[in-house]
There are 2 protein chains.
Amino acid sequence: MTRLTDTFAALADQTRLAMVERMMAEGELPAGALVQDAHISGPAVSRHLKVLRNAGLVQQRAEGTRRLYSVRPEALRAISNWTMDHRSFWQAGLDRLEAMLNEEDT
Amino acid sequence: MTRLTDTFAALADQTRLAMVERMMAEGELPAGALVQDAHISGPAVSRHLKVLRNAGLVQQRAEGTRRLYSVRPEALRAISNWTMDHRSFWQAGLDRLEAMLNEEDT
DNA sequence: CTACTATTTAACATTATTGTTAATTAATAG
DNA sequence: CTATTAATTAACAATAATGTTAAATAGTAG
C-alpha cells in the first residue's frame with residue numbers, strides 16, 4: 001500500500017499535478033504528449049512520471065515504442081477518503097456537500 | 001491564495017500529517033504538546049509548524065508564552081474540492097459516496 | 001543490419017528539506 | 001532585576017529533489 005504522504009508528495013509539484021489533471025481530463029496519454037505541455041525536457045518529464053508511478057498515482061502501459069500513462073483512480077480515492085474521514089472537522093454542515101452532489105449529477 | 005501544490009507539499013511528510021490529524025482530532029494545541037508526540041526536537045517541530053502555517057494549513061494564536069495551533073478548515077476543504085472536481089474520474093458510481101454519507105450522518 | 005522515433009537511464013550541478021545543537025526572544029514568577 | 005518556561009531563529013551538516021545534456025534501450029521501417 002502506498003502511504004498517503006507519498007500520494008501527497010507526488011502531487012506537491014506543479015508539473016506533476018498538471019500532468020495528472022491532464023490525464024484525468026483526456027485519459028491515457030503517451031509520455032511524449034506530456035512533454036509537449038510541460039516546459040521542461042523529456043528526461044525531466046520521464047522522471048516525474050516515475051515519481052507518480054512509484055507513488056501509485058499512475059500506471060503505465062506499453063504500446064510499441066510508446067509508453068501510455070493513465071491515472072489510477074484508487075489513488076484519488078485514497079485522498080478523497082482521507083478528507084471524508086475528517087469531514088466532520090472541515091465541514092460546517094452537511095448542506096454544502098449534499099448541494100454539490102445534487103448539483104452535478106442526476 | 002495558497003496553491004494546491006503547497007497544501008499537498010505540507011501534508012507530504014509523516015510528521016506534519018500526524019500533527020495535522022492530531023489537531024483535527026483534539027482541536028487547538030500548543031506547540032509543546034506537539035513536540036511530545038513527535039520523536040524529533042522542538043526546533044524541528046517548530047519549523048514543521050512554520051511550513052504548515054506558510055501553506056495555510058494551520059493558524060497560530062498566542063496565549064501568554066504559548067503558541068496555540070489549529071487546523072484551518074479551508075485548507076482541508078480545498079483538497080476536498082479538488083477531489084470532488086475530479087469525482088467523475090475516480091468514482092465508478094455515486095453509490096459509494098452516497099452510502100458513506102448516509103452511513104455516518106443521520 | 002542501419003536508421004529513426006520514443007522514452008528512459010546516467011552523470012552531474014543546484015537548490016530544498018530536514019534534523020541537530022546553541023543562542024535568542026518573550027512572558028511570567030519571585 | 002533574575003530565573004524559569006515556551007517557543008523560535010541561527011548556523012550547520014546530511015539527504016533528497018529537480019533540471020540539464022549525453023548515452024543507452026527498444027520498437028519499427030526499409
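Keep in mind that the numbers below use all heavy atoms, side chains included, and drop hydrogens, waters and symmetry copies. Each chain gets a letter, A, B and so on, in the order the sequences are listed, and its residues count up from 1.
Residue-level contact check: A/Arg53 touches neither bases nor backbone, having no heavy atom under 4.0 Å from any strand.
Under the 3.5 Å distance criterion, the side-chain polar atoms of B/Arg16 are matched with a main-chain donor or acceptor of B/Ala10. Under the 3.5 Å distance criterion, the side-chain polar atoms of A/Trp90 are matched with a main-chain donor or acceptor of A/Thr83. Between the side chain of B/Arg72 and the main chain of B/Gly56, a donor-acceptor pair closer than 3.5 Å is present. In this structure, the side chain of A/Arg66 does not engage the main chain of A/Arg61 through any donor-acceptor pair within 3.5 Å.
In this entry the distance linking CG of A/Leu68 with C1' of D/dG27 reads 14 Å, nearest Å. The separation between B/Arg61 atom CZ and D/dA6 atom P is 17 Å, rounded to whole Å. For the pair A/Leu52 CG and C/dT8 P, the computed distance is 12 Å after rounding to whole Å. Rounded to a whole Å, the CG atom of A/Leu29 is 11 Å from the P atom of C/dT7. The interatomic distance linking B/Met19 (CE) with D/dA7 (P) rounds to 13 Å, in whole Å. In this entry the distance linking CG of B/Leu49 with P of D/dA7 reads 10 Å, nearest Å. D/dT18 atom P lies 12 Å from atom CG of A/Asn54, rounded to whole Å. Going from atom CD1 of A/Ile40 over to atom C1' of D/dA17 covers 12 Å, rounded to whole Å.
Here the side chain of B/Pro43 is nearest to one of C/dT18, D/dT8, D/dA22, namely D/dT8. Comparing C/dT8, D/dT8, C/dG19 by their closest approach to the side chain of A/Gln60 singles out C/dT8. The side chain of B/Ala44 has C/dT20 as its nearest neighbour among D/dT9, C/dT8, C/dT20. Listed candidates were C/dT5, D/dT9, D/dT18. Nearest to the side chain of A/Thr65 is C/dT5. The side chain of B/Asp13 has C/dT18 as its nearest neighbour among C/dG19, D/dG19, C/dT18.
A pairwise comparison of heavy atoms in B/Leu57 and B/Leu11 identifies CD1-CG, 3.8 Å as the closest pair.
In this structure, A/Ser41 and B/Ala31 both approach DNA chain D, and ranking their closest nucleotides by distance from the 5' end singles out B/Ala31.
The phosphate of C/dT9 has OP1 or OP2 within less than 4.0 Å of a side-chain N or O from A/Lys50. Dashed line: the shortest gap from a side-chain N or O of A/Ser46 to OP1 or OP2 of C/dT7 is not under 4.0 Å. Here B/His48 reaches the OP1 or OP2 of C/dG19: one of its side-chain N or O atoms lies under 4.0 Å away. Residue A/Tyr69 has no polar side-chain atom (N or O) positioned under 4.0 Å from OP1 or OP2 of C/dA6. Residue A/Arg67 places none of its side-chain N or O atoms closer than 4.0 Å to OP1 or OP2 of D/dA26.
Side chain B/Arg47 to base C/dG19: a donor-acceptor pair is found below 3.5 Å.
Test B/Met23, B/Arg22, B/Gln59, B/Met19 against B/Val71 for side chain to side chain contact (heavy atoms under 4.5 Å, CB included) and you get one pass: B/Met23.
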